[in-house]
Amino acid sequence: MTRTVFVNGTYVDEMEAKVSVFDRGFLFSDAVYEVTAVIEKKLVSWEGHTGRMRRSLGEIGINLDMSNDHLLEVHRKLLELNEVQEGLVYLQITRGGAADRDFEFPDRTIVKPTTVLFTQEKNLIHNQKLDSGLKVISFPDLRWGRSDIKSTQLLYASMIKQKALDQGKDEAWFVKDGLVIEGSSNNTFILSQDGKLITRNLSRDILAGITRDAILEYSKSSGYIIEERPFSVEEAKKSKEAFICSSTTFILPVVEIDDCKIGSGKPGKNTLKLREIYIKNITKELV
Ligand code: PDD
């Protein structure tokens with residue numbers, strides 16, 4: 001069965017959907033995106049995603065003349081049309097297509113953004129990797145210097161993820177000067193031997209994960225001591241537990257980093273407990 005997708009104001013079968021070959025998203029990755037999780041047919045952390053999307057658009061100067069209410073309506077309509085129980089909604093916004101390929105931005109009064117939304121089904125609650133946990137490899141962070149913008153320039157992230165899989169591992173972490181930056185498409189946490197929850201502080205180096213933010217809130221109210229600061233690969237290797245988090249994985253345990261076992265080499269108890277707390281809390285706030 002094919003899906004219905006949304007392209008510039010129209011709901012259309014995915015086989016019929018069209019975007020110009022001159023679209024700057026295609027030619028320059030001149031675009032931002034959001035991924036919102038769906039459970040029980042409803043959206044997770046909707047406000048966080050729209051807030052971050054507006055920020056990303058502002059940082060690269062794209063004017064989107066669609067309100068958050070309208071975007072919410074489109075998200076809901078696609079979930080209904082495609083009968084999605086659990087999965088993801090992708091929102092992709094490009095600067096649009098100019099008449100010719102040119103580096104400079106086209107005139108905003110003439111060229112309007114391209115807006116595409118599509119759904120993808122995925123088991124989020126019952127993730128197959130929960131029992132085994134993830135084996136991670138570190139790679140140098142060779143991305144551009146604005147990883148805080150959720151741009152569609154994802155080639156290097158795709159390359160390191162593939163390299164990790166080719167080496168029989170599950171996930172890749174970006175590392176700079178020995179310090180863990182973030183995962184290929186997720187944020188990272190460790191639990192120190194003395195029970196502190198540590199995650200890298202926000203800056204231009206990482207994406208301000210909506211899941212990361214929710215975990216900080218929920219874990220604080222569950223009594224965890226939090227440290228938002230850089231941590232090294234060596235510190236992570238010596239940690240009690242480690243995990244990644246994102247809208248597509250929620251929280252998944254990490255059991256190995258660069259061939260070194262974390263803790264007992266099995267998914268950590270606190271990690272699994274935090275995942276339960278996270279799911280319980282987001283379920284109360286679905287939109
Ligand atoms: N990725 N860091 C990076 C580099 C990411 O690409 C993502 C999300 C995150 C976590 O953000 P959030 O918790 O808001 O999903 C952190 C999405 C899921 C993706 O590209 O598919």
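Both ligands and their constituent atoms are indexed starting at 1 by order of listing. Not measured: the values here are computed from a predicted model.
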Apply ring pair (Phe, Tyr, Trp, His ring centres under 6.0 Å) to residues Phe139 and Tyr156 and explain how you reach the verdict. CA-CA 10 Å; Phe139 290 90; Tyr156 187 60; 7.7 Å; no
Which protein N or O atoms sit under 3.5 Å from any N or O of ligand 1? Give each pair with its distance.
unit_1, atom_1, unit_2, atom_2, d
ligand 1, 1 (N), Lys150, NZ, 3.4
ligand 1, 1 (N), Ser185, O, 3.3
ligand 1, 2 (N), Glu182, OE1, 2.7
ligand 1, 13 (O), Ile210, N, 3.3
ligand 1, 13 (O), Thr211, N, 3.0
ligand 1, 13 (O), Thr211, OG1, 2.5
ligand 1, 14 (O), Arg52, NH1, 2.8
ligand 1, 14 (O), Arg52, NH2, 3.0
ligand 1, 14 (O), Ile210, N, 2.8
ligand 1, 15 (O), Ser247, N, 2.9
ligand 1, 15 (O), Ser247, OG, 2.7
ligand 1, 20 (O), Tyr33, OH, 2.5

Partner residues of Glu80 under the side chain to side chain contact (heavy atoms under 4.5 Å, CB included) criterion, sequence neighbours left out: none
Output the rest of the hydrophobic cluster of Leu165: all Ile, Leu, Val, Met, Phe, Trp and Tyr residues reachable through side-chain heavy-atom contacts under 4.5 Å, sorted by chain and number. none
Walk me through it: do Leu117 and Gln92 pass the test side-chain contact (heavy atoms from CB on, under 4.5 Å)? CA-CA 6 Å; Leu117 283 94; Gln92 314 276 142; over 6 Å; no
Is the NZ or CZ atom of Arg275 positioned over Phe250's six-membered ring, under 6.0 angstrom from the centre and within 45° of the axis? no
Could you list the residues that satisfy side-chain hydrogen bond (donor to acceptor under 3.5 Å, both in side chains) with Glu228, not counting sequence neighbours?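 Here the qualifying residues are Arg212.
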